[in-house]
Every structure is written in C-alpha cells, then in structure tokens.
Amino acid sequence: MMLYKALADGVVIFHFLWILFLIIGGFWGRRYRGVRLVHIPALFFAAWVEICDWYCPLTHLEVWLRRQHDPGLAYTGSFIVHYLERLVYLDADRRVIVLLTLLLCGINVWLYRGRKRA
C-alpha cells in the first residue's frame with residue numbers, strides 16, 4: 001500500500017526536522033520557555049538513546065512502515081527523502097555520534113545558563 005511508503009517518507013522528514021530542532025533549538029529556547037520545556041528533555045533523551053546504543057523510536061517507526069509497504073523493497077524513494085535519510089542516519093562510528101550528541105548537550109547547557117534574566 002502506497003500509504004505506508006508515504007508515511008515512512010514523512011517520518012524521515014519529521015526525523016530530519018527533529019534533529020535540526022535538537023541542534024538549533026537552544027537559540028529558540030533561550031527566548032521562549034515553551035520551547036525550552038520540549039527542547040531540554042529532548043536533548044536528554046537523545047543523549048540517553050546514543051549512550052545506550054538504542055535506535056530512536058522514529059527509526060523503528062520508519063522501518064516498520066517500510067516493511068508494511070513492501071518487506072523486500074530496495075530503496076526507490078524520492079530524491080529528497082534519499083538524501084534526508086543519509087543526513088538522519090549518519091554513516092559514522094558510534095563513538096563519534098555519542099561524542100557529538102554530548103557536545104550538542106554541552107553547548108545547549110552553555111546557551112541556557114548564559115540566558116539573560118529579564
């Protein structure tokens with residue numbers, strides 16, 4: 001069913017946007033408390049997932065949706081989704097990913113602690 005393929009592609013796009021939010025959300029969160037309430041726990045969750053060497057729930061969802069579409073299907077998705085997947089699922093050593101995740105958390109701690117009180 002094409003619906004599963006479309007949903008899987010949508011999950012990849014959302015996953016990419018979520019990663020961007022984790023990376024730059026601290027700048028937005030410095031200004032808006034509501035963003036902070038989502039961003040800080042999301043950073044801790046991302047760090048925990050990487051430290052424990054788990055798969056992100058979005059990855060599980062995408063894989064499940066692709067299997068529902070066609071279990072034996074080789075990648076034939078759109079150009080945009082193909083390259084988004086390469087950004088979302090980096091081909092890098094796990095230790096590098098953990099280090100980058102912890103660095104991202106540290107930068108955000110610095111951003112939030114340096115926030116001026118109004």
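Atoms considered below: every heavy atom in the structure, side chains included; atoms not considered: hydrogens, waters and symmetry mates.
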Notebook entry, point to check: With the 4.5 Å side-chain cut-off for hydrophobic clustering, are Trp110 and Phe21 part of the same group?
Noted result: yes
Item checked: Shortest non-hydrogen contact from Tyr112 toward Gly25 -> OH-O, 3.8 Å
Notebook entry, point to check: Roughly how far, to the nearest 0.5 Å, is the CD1 atom of Ile97 from the CG atom of Leu104?
Noted result: 11.5 Å
Next item on the list: Drop me the distance from His69's NE2 to Leu7's CG, to the nearest 0.5 angstrom.
Entry: 11.5 Å
Next item on the list: Mark yes when over 12 heavy atoms from residues, nucleotides or ligands other than Arg94 sit less than 6.0 Å from its CZ; otherwise mark no.
Entry: yes
Next item on the list: Step by step, work out the side-chain contact (heavy atoms from CB on, under 4.5 Å) result for Ile13 and Leu17.
Entry: CA-CA 6 Å; Ile13 292 167; Leu17 294 172; 4.2 Å; yes
Next item on the list: Could you grab the distance from atom SG of Cys105 to atom CG of Leu22, nearest 0.5 Å is fine?
Entry: 8.5 Å
Check: Got a second to check how far Leu65's CG is from Lys5's NZ, nearest 0.5 Å?
Finding: 11.5 Å
Next item on the list: Keeping the roles fixed (side chain from Arg36, backbone from Gly29), state whether a donor-acceptor pair exists under 3.5 Å.
Entry: yes
Next item on the list: Drop me the distance from Met2's CE to Asp9's CG, to the nearest 0.5 angstrom.
Entry: 8.0 Å
Note to self: Suppose the criterion is side chain to side chain donor-acceptor pair (under 3.5 Å): which pairs have a residue in residues 47-63, not counting sequence neighbours?
What the structure shows: Glu62-Arg66, Glu62-Tyr89
Notebook entry, point to check: Do Leu100 and Val49 share a hydrophobic cluster, counting only Ile, Leu, Val, Met, Phe, Trp and Tyr and linking them when any side-chain heavy atoms are less than 4.5 Å apart?
Noted result: no
Check: Shared ILVMFWY cluster between Val38 and Leu58, side chains joined below 4.5 angstrom?
Finding: yes
Next item on the list: Find out if a path of hydrophobic residues (ILVMFWY) with successive side-chain heavy-atom gaps under 4.5 Å connects Phe14 to Val35.
Entry: yes
Next item on the list: Evaluate the criterion side-chain contact (heavy atoms from CB on, under 4.5 Å) for residue pair Leu102 and Ile51; output intermediate values, then yes/no.
Entry: CA-CA 9 Å; Leu102 293 175; Ile51 289 167; 4.0 Å; yes
Checklist line | Residue pair Asn108 / Leu111, side-chain heavy-atom distance below 4.5 Å | finding: yes
Checklist line | Parallel, tilted or perpendicular, as decided by the 30° and 60° cut-offs, for the rings of Tyr32 and Trp28 | finding: perpendicular
Next item on the list: Show your reasoning for whether side-chain contact (heavy atoms from CB on, under 4.5 Å) applies to Tyr4 and Arg67.
Entry: CA-CA 8 Å; Tyr4 287 112; Arg67 283 190 186 133; over 6 Å; no
Notebook entry, point to check: Are Leu103 and Phe27 co-members of a hydrophobic cluster defined by side-chain heavy atoms under 4.5 Å apart?
Noted result: yes
Note to self: Working to the nearest 0.5 angstrom, can you tell me the gap between Phe45 CZ and Cys56 SG?
What the structure shows: 6.0 Å
